[in-house]
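Written below as structure tokens is the structure these notes are about.
Ligands are counted one by one from 1 in listed order, and the atoms in each one are counted from 1 as well.
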Amino acid sequence: MAEVTRVAVVGAGAMGSQIAMLAALAGCETTVVDIDEQRIDAALAKVRESVARSIERGRLDAEQVEAALSRLSSSTDLASAVEDADFVIEAIVEDLDAKRALFAQLGAFAPANAILATNSSSIVSSRLADVPSPGRVCNMHFFNPALVMQLVEVVGGTHTSQATVDSAVRLAERMGKTPVVVKQEVFGFIANRIVGAIFDEAIALLEAGVATAEEIDTAVTKGLGHPVGPFALLDMTGIDVNVGIKKLEAQETQDASRGPSQTLLDLEAAGRLGKKSGRGFYEYGAR
Ligand SMILES: NC(=O)c1ccc[n+]([C@@H]2O[C@H](COP(=O)([O-])OP(=O)(O)OC[C@H]3O[C@@H](n4cnc5c(N)ncnc54)[C@H](O)[C@@H]3O)[C@@H](O)[C@H]2O)c1
């Protein structure tokens, strides 16, 4: 397996900018691409702040960061950014049509043997594999914040070649991550699937009047050692975001019982969207 040396990351949002920095830290010449030049500037400024904090905390070495930053460039021109890439990671908006349109462009502009990975949390790569040599298409799912979180789920569909899975695993390891191979394109992959089940059970207990949200969160943090309880986490990620995920889960699994609970729907209708709106399961005071 040839070592990956040139990476293009498409989408300079919360995820893409940090994934690009990881690739540069792994020793790859890396280009981060976005349609919005201002997004790129803002994202790279944030990445510089994050790595500066990591240097202060002794997690990264200043020289290593300096060298990585010299390998990191940005562009708004997709064609030239991917023309000599051997690994492309897509991290644009979570929208199937936008991703399909982008993959069609990647199929046209990137070298025929370049691996094409999507960081999508819920769109499986078989939906994007309508390109020449679909065996090179997979999901490579990082967690937020990508610079800090250890896990990368590498998901291969039936179209994905073993060489592609191996290459994604190897790149994740070079980024200092712990890759886990997911052998089927199941909704939520592994980690989000499990956290989703925890949310469902926590809400079922609350709806049955077994305990308050605070008590359930306390049981999970103090009894299971989770850093944050399910209701605090639902508030952090946003009630509306979670309603969207549950709707998609019901659709993708063709099981209406996996849709959003009445409690989530009621909170969303009341504008109690979690931390961002000042109130969800908890109150966060004036914002
Ligand atoms: N945010 C998370 O917690 C998280 C975690 C894991 C995976 N993901 C996945 O990562 C992907 C990106 O999420 P994010 O939170 O970084 O999004 P974001 O909204 O922060 O960033 C998306 C970026 O993509 C750019 N973009 C849109 N269309 C484009 C195109 N055609 N070409 C180039 N750039 C384009 C936008 O300008 C924006 O800068 C999604 O697929 C999401 O499911 C997100």
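- Residue-environment remark: CZ (Arg174) exceeds the threshold of 12 foreign heavy atoms within 6.0 Å.
- Salt bridge annotation for Arg258-Asp200: absent, with no cationic side-chain nitrogen under 4.0 angstrom from a carboxylate oxygen.
- Between the Arg272 side chain and the Gly280 main chain, a donor and an acceptor come within less than 3.5 Å of each other.
- Listed by number with element, the atoms of ligand 1 under 4.0 angstrom from any heavy atom of His141 are 6 (C), 7 (C).
- Remark: minimum distance from atom 37 (O) of ligand 1 to any protein heavy atom is reached at Asp34 OD1, 2.6 Å.
- From the protein, the heavy atom lying nearest to atom 35 (C) of ligand 1 is Ile92 CG2, 3.5 Å.
- The protein atom (non-hydrogen) at minimum distance from atom 41 (O) of ligand 1 is Glu94 OE1, 2.5 Å.
- For ligand 1, the atoms closer than 4.0 angstrom to any heavy atom of Val10 are 32 (N), 33 (C).
- There is no protein heavy atom less than 4.0 angstrom from atom 17 (O) of ligand 1.
- Taking all atoms of both residues into account, the shortest heavy-atom contact from Arg59 to Val148 is NH1-CG2, 4.2 Å.
- The contact set between ligand 1 and Lys99, taken as ligand atoms under 4.0 Å from a residue heavy atom, comprises 40 (C), 41 (O).
- Here is the list of ligand 1 atoms found below 4.0 Å of a heavy atom in Asn144: 1 (N), 2 (C), 3 (O).
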Side chain to side chain donor-acceptor pair (under 3.5 Å) between Ser80 and Asp77, worked out: CA-CA 6 Å; Ser80 64; Asp77 179 18; 2.8 Å; yes
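- Listed by number with element, the atoms of ligand 1 under 4.0 Å from a non-hydrogen atom of Ser121 are 6 (C), 7 (C), 8 (N), 9 (C), 43 (O).
- In this structure, Phe143 has no heavy atom closer than 4.0 Å to ligand 1.
- In this structure, Ser120 counts as a contact residue of ligand 1, since one of its heavy atoms falls inside 4.0 Å of the ligand.
- Checked against a 3.5 angstrom limit, the closest N/O atoms of Ala14 and ligand 1 fall inside it.
- For the residue pair Ser121 / Glu94, no side-chain donor-acceptor distance below 3.5 Å is found, with atom types taken as modelled.
- Ion pairing of Asp84 with Arg6 is present here, as a side-chain N (NZ or NE/NH1/NH2) and a carboxylate O approach within less than 4.0 Å.
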